[in-house]
Amino acid sequence: MFDREKIQQGVRLILEGVGENPEREGLLETPERVARMYEEIFSGLQTDAKEHLAKRFSADNNEMVLEKDIVFYSTCEHHLMPFFGKAHVAYIPSGEVVGLSKIARTVEVYARRPQIQEQLTAQIADAINDELHPLGVMVMIEAEHTCMTMRGVKKPGSKTLTYVTRGLFEEDVQLQDKFFRLVK
């Protein structure tokens, strides 16, 4: 459960720590705003992705289902700075499919947690694999990390690409290649 008061206290301390006056007019409501923002951007901590994948439909299709260019925003757990990009999610049904919005909602649940991109990619793949029991799953994420573009090495525009395969996608390089062609 979120503790808004603790977050507000922490924000006041950060403002003081950087030499600001938390009582200054422009900053008076900042701790409350940040607490509300954190509740929103970390809402995935209070949500189970299984909820979104529970309703399934029978389908004879056993060809790849691909939802690509799912825009997401997440937060790097190392610096608490945003990273954002696109997720591409494919699975090969084994008798059941979910509504397409449920794939995007699954991405959103995991993106709205402090974490790293590598873990985000695997969590999405594992949720779909565990809940739908498809013949295979492949997830690819392309993201820009502000902890790398705004600070540190300062390389704006650089992107990190991660992908995870499960089931048939692990074994079949041609299937992986088909996924990559469809995504591009």
Is a donor on one side and an acceptor on the other found under 3.5 Å between the side chain of [X] and the backbone of [Y]?
X      : Y      : answer
Ser74  : Ala111 : yes
Arg166 : Val137 : no
Lys68  : Leu182 : yes
Arg113 : Phe42  : no
Thr106 : Ile124 : no

Out of curiosity, [X] [atom1] to [Y] [atom2], how far, rounded to the nearest 0.5 Å?
X      : Y      : atom1 : atom2 : result
Asn129 : Leu53  : CG    : CG    : 11.0 Å
Thr75  : Ile41  : OG1   : CD1   : 4.0 Å
Phe179 : Thr165 : CZ    : OG1   : 10.0 Å
Arg33  : Ile7   : CZ    : CD1   : 15.5 Å
Lys154 : Thr146 : NZ    : OG1   : 13.0 Å
Tyr38  : Phe2   : OH    : CZ    : 11.0 Å

A side-chain contact here means heavy atoms from C-beta on lying under 4.5 Å apart; do [X] and [Y] qualify?
X      : Y      : result
Ser158 : Thr149 : yes
His79  : Arg151 : yes
Pro93  : Val65  : yes
Leu135 : Tyr91  : no
Met64  : Leu175 : yes
Ile70  : Lys86  : no
Arg112 : Tyr73  : no
His88  : Asp69  : yes

Do you reckon [X] sits in the same ILVMFWY cluster as [Y], going by side-chain contacts under 4.5 Å, direct or chained?
X      : Y      : value
Val139 : Val173 : no
Phe84  : Leu80  : no
Ile128 : Phe57  : yes
Met140 : Val164 : no
Met150 : Val34  : no

Would you please test Ile116 and Glu77 for side chain to side chain contact (heavy atoms under 4.5 Å, CB included) and show each step? CA-CA 6 Å; Ile116 59 174; Glu77 67 184 24; 3.9 Å; yes
Could you check Glu16 against Arg12 for salt bridge (charged side-chain N to carboxylate O under 4.0 Å, His left out), going step by step and ending with a plain yes or no? CA-CA 6 Å; Glu16 289 172 0; Arg12 284 186 203 92; over 6 Å; no
Between Thr162 and Gln117, does any side-chain donor sit less than 3.5 Å from a side-chain acceptor?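 A pair is found: one side chain offers a donor N or O, the other an acceptor, under 3.5 Å apart.
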Going by atom types alone, do Gln176 and Glu170 pair a side-chain donor with an acceptor below 3.5 Å?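 No, because no side-chain N or O of Gln176 sits under 3.5 Å from a partner of the opposite role on Glu170.
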Using every non-hydrogen atom in the two residues, find where [X] and [Y] come nearest and quote the distance to one decimal.
X      : Y      : result
Leu28  : Pro31  : O-CD, 3.8 Å
Gln8   : Ala35  : CG-CB, 3.9 Å
Glu67  : Leu100 : OE1-O, 2.7 Å
Glu20  : Leu27  : OE1-CD1, 3.3 Å
Ile92  : Asn62  : CG2-O, 3.1 Å
Glu142 : Phe72  : O-CE2, 4.3 Å

Show your working on salt bridge (charged side-chain N to carboxylate O under 4.0 Å, His left out) between Lys6 and Glu39 and close with a plain yes or no. CA-CA 12 Å; Lys6 272 190 176 179; Glu39 192 166 2; over 6 Å; no
Do the side chains of Arg36 and Glu32 get close enough for a salt bridge, i.e. N-O under 4.0 angstrom?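 Glu32 and Arg36: salt-bridged.
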Which residues satisfy the side-chain contact (heavy atoms from CB on, under 4.5 Å) test with Arg56, sequence neighbours excluded?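 Arg56 satisfies side-chain contact (heavy atoms from CB on, under 4.5 Å) with Glu96, Val98, Glu131, Leu132 only.
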For atom CE of Met37, is the number of surrounding heavy atoms from other residues, nucleotides or ligands below 6.0 Å larger than 12?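 Atom CE in Met37 is crowded, with more than 12 foreign heavy atoms closer than 6.0 Å.
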Is it the case that more than 12 heavy atoms not belonging to Gln174 sit under 6.0 Å from its CD atom?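 No, because the 6.0 Å sphere around CD of Gln174 holds 12 heavy atoms or fewer from other groups.
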Ring pair (Phe, Tyr, Trp, His ring centres under 6.0 Å), that's the test. Do Tyr163 and Phe180 meet it? Break it down for me. CA-CA 10 Å; Tyr163 73 92; Phe180 288 127; 5.3 Å; yes
By the ring pair (Phe, Tyr, Trp, His ring centres under 6.0 Å) test, which pairs, at least two apart or in different chains, include something from residues 124-154?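 Only Phe83-His145 qualify under ring pair (Phe, Tyr, Trp, His ring centres under 6.0 Å).
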